[in-house]
Amino acid sequence: MAHPLQLGFQDAASPIMEELLHFHDHALMAVFLISALVLYIISTLMTTKLSNTNTIDAQEIEMVWTIMPAIILIVIALPSLRILYLMDEINNPDITIKTIGHQWYWSYEYSDFAELNFDSYMISSKDLMPGQFRLLEVDNRMTTPIGMATRMLISAEDVLHSWAVPTLGVKTDAIPGRLNQASFLISRPGVYYGQCSEICGANHSFMPIVIESLPIKEFLNWTSASVNS
């Protein structure tokens with residue numbers, strides 16, 4: 001959950017998001033080193049009165065400033081490609097959930113459980129309970145088990161939407177007539193918030209996403225209660 005004046009990312013709740021945070025720090029360190037070097041060179045050129053005519057036509061320095069950027073790009077690109085393949089890798093998911101974006105709410109269908117589906121609407125400000133978050137709470141939370149690979153099938157009924165939960169490192173477009181998929185594995189219990197990240201109309205800001213992760217036993221109890229109700 002983000003908090004006021006937060007400058008960094010939210011705490012990771014999935015292995016993929018942890019990898020994304022590590023890659024962010026890795027890339028940011030490269031940016032800092034490059035920026036420091038460029039700033040040092042600029043300040044040196046502006047302050048020193050010495051000059052060397054040998055640097056006007058020096059093959060060695062030309063090789064250095066040609067090869068070094070290539071090495072830096074490789075150092076950044078290889079971890080990026082690794083994470084990209086990890087995010088797209090979906091092997092034998094333990095549970096499959098289909099979500100469909102509407103104007104302006106989400107509907108969820110649990111493919112592994114018969115007759116387990118519901119709509120998820122935002123709770124209006126006047127109906128909020130103490131401790132609930134404005135514009136983020138919903139009447140029916142999507143519930144998932146901890147430590148189980150979850151596959152999300154994402155689509156839309158009317159216009160473009162985007163199903164995004166920053167804590168899990170998931171953001172997938174919901175396109176009418178097309179079924180996109182994403183996967184995640186929640187590593188700890190909690191309640192995680194997201195929002196539609198595609199401008200989808202007048203009430204775009206009012207279709208939040210709330211995921212509650214439970215231990216497997218409590219999750220099965222929840223599914224039984226939801227089906228029976």
Side-chain angles (χ1 to χ4, degrees), residues 1-39 68-97 99 101 106 108 133-138 141-154 161-174 180-199 204-205 207-216 219:
M1 181 67 188
H3 57 79
L5 302 180
Q6 179 174 337
L7 298 179
F9 291 98
Q10 299 180 29
D11 292 337
S14 69
I16 290 296
M17 189 58 191
E18 291 178 2
E19 293 287 343
L20 290 173
L21 290 178
H22 291 322
F23 174 71
H24 169 266
D25 297 340
H26 170 75
L28 203 61
M29 183 57 65
V31 171
F32 282 154
L33 292 176
I34 295 171
S35 301
L37 177 61
V38 172
L39 182 62
M68 283 300 295
I71 295 175
I72 294 172
L73 288 177
I74 292 174
V75 169
I76 295 177
L78 291 181
S80 175
L81 291 174
R82 174 179 172 271
I83 297 175
L84 186 63
Y85 278 103
L86 286 175
M87 295 176 67
D88 287 338
E89 190 72 21
I90 302 176
N91 287 327
N92 301 322
D94 298 311
I95 184 173
T96 299
I97 304 173
T99 179
W106 297 97
Y108 297 95
F133 299 104
R134 178 177 173 270
L135 301 182
L136 287 176
E137 296 292 347
V138 296
R141 293 175 174 176
M142 173 184 146
T143 305
T144 59
I146 302 171
M148 297 183 69
T150 303
R151 175 175 60 182
M152 295 297 303
L153 301 178
I154 303 167
H161 300 279
S162 184
W163 198 83
V165 183
T167 310
L168 304 180
V170 177
K171 181 181 182 297
T172 304
D173 288 340
N180 292 329
Q181 68 176 1
S183 65
F184 58 85
L185 187 149
I186 300 180
S187 55
R188 52 190 171 87
V191 179
Y192 308 105
Y193 295 88
Q195 289 179 302
C196 176
S197 298
E198 188 76 43
I199 298 178
H204 156 69
S205 302
M207 49 184 307
I209 301 161
V210 182
I211 300 177
E212 183 175 3
S213 60
L214 299 174
I216 183 63
F219 172 75

- request: Could you pull out the closest heavy-atom pair between Leu135 and Gln195, with the gap in Å?
  value: O-NE2, 3.9 Å

- request: For side chain to side chain contact (heavy atoms under 4.5 Å, CB included), just list the numbers for Tyr192 and Val210, CA-CA rounded to whole Å, side-chain angles, deciding distance to a tenth of an Å, and then say yes or no.
  value: CA-CA 6 Å; Tyr192 308 105; Val210 182; over 6 Å; no

message: Is the ring pair Trp163/Trp106 parallel, tilted or perpendicular, if the boundaries are 30 and 60 degrees?
response: perpendicular

query: Roughly how far, to the nearest 0.5 Å, is CD1 of Ile74 from CG of Leu81?
result: 11.0 Å

message: According to ring-ring contact (aromatic ring centres under 6.0 Å, His included), who are the partners of His24, at least two apart in sequence or on a separate chain?
response: Phe9

field: CG/Leu86: more than 12 non-hydrogen atoms of other groups inside 6.0 Å
entry: yes

task: Under the side chain to side chain contact (heavy atoms under 4.5 Å, CB included) rule, what do Leu20 and Ile83 come out as? Steps first, then yes or no, please.
output: CA-CA 7 Å; Leu20 290 173; Ile83 297 175; 3.5 Å; yes

Would you list the atom pairs, donor with acceptor, under 3.5 Å between side chains in residues 143-152 and any protein atom, with sequence neighbours excluded?
| residue | atom | partner | partner atom | Å |
| --- | --- | --- | --- | --- |
| Thr150 | OG1 | Met148 | O | 3.3 |
| Arg151 | NE | Thr96 | OG1 | 3.3 |
| Arg151 | NH2 | Thr96 | OG1 | 3.0 |

message: Do Asp11 and Glu18 make a side-chain contact, defined as non-hydrogen atoms from C-beta onward lying under 4.5 Å apart?
response: no

- request: Would you give the length of the straight line joining atom CD1 of Ile199 to atom OG of Ser162, rounded to the nearest 0.5 angstrom?
  value: 11.5 Å

task: Could I get the full list of ring-ring contact (aromatic ring centres under 6.0 Å, His included) partners for Phe23, not counting sequence neighbours?
output: none

Minimum-distance pair of heavy atoms, taken over all atoms of Tyr193 and Leu136: CD2-O, 3.5 Å

field: Stepwise side chain to side chain contact (heavy atoms under 4.5 Å, CB included) check, Arg82 with Glu19
entry: CA-CA 10 Å; Arg82 174 179 172 271; Glu19 293 287 343; 3.0 Å; yes

task: Drop me the distance from Met142's CE to Ser213's OG, to the nearest 0.5 angstrom.
output: 10.0 Å

- prompt: Just how far is it from atom OG of Ser187 to atom CG of Leu185, taken to the nearest 0.5 Å?
  reply: 7.5 Å

field: Minimum heavy-atom distance His204-Glu198, with the two atoms named
entry: ND1-O, 2.8 Å

- request: Mark yes or no for whether Ser35, through its side chain, and Val31, through its backbone, hold a donor-acceptor pair below 3.5 Å.
  value: yes

query: Does the side chain of Met17 reach to within under 4.5 Å of the side chain of Leu168, using non-hydrogen atoms?
result: no

field: Heavy-atom closest pair, residues Lys171 and Ser197
entry: CE-CB, 3.6 Å

- prompt: Minimum heavy-atom separation for Ile209 to Cys196, with atom names?
  reply: CD1-N, 4.4 Å

- line: The reported gap from CG in Asp94 to OG in Ser183 (rounded to nearest 0.5 angstrom) is 11.0 Å

- request: Kindly compute the distance separating CD1 (Ile16) from CG (Leu21), expressed to the nearest 0.5 Å.
  value: 11.5 Å

message: With a 4.5 Å cut-off on side-chain heavy atoms, are Leu37 and Leu33 touching?
response: no

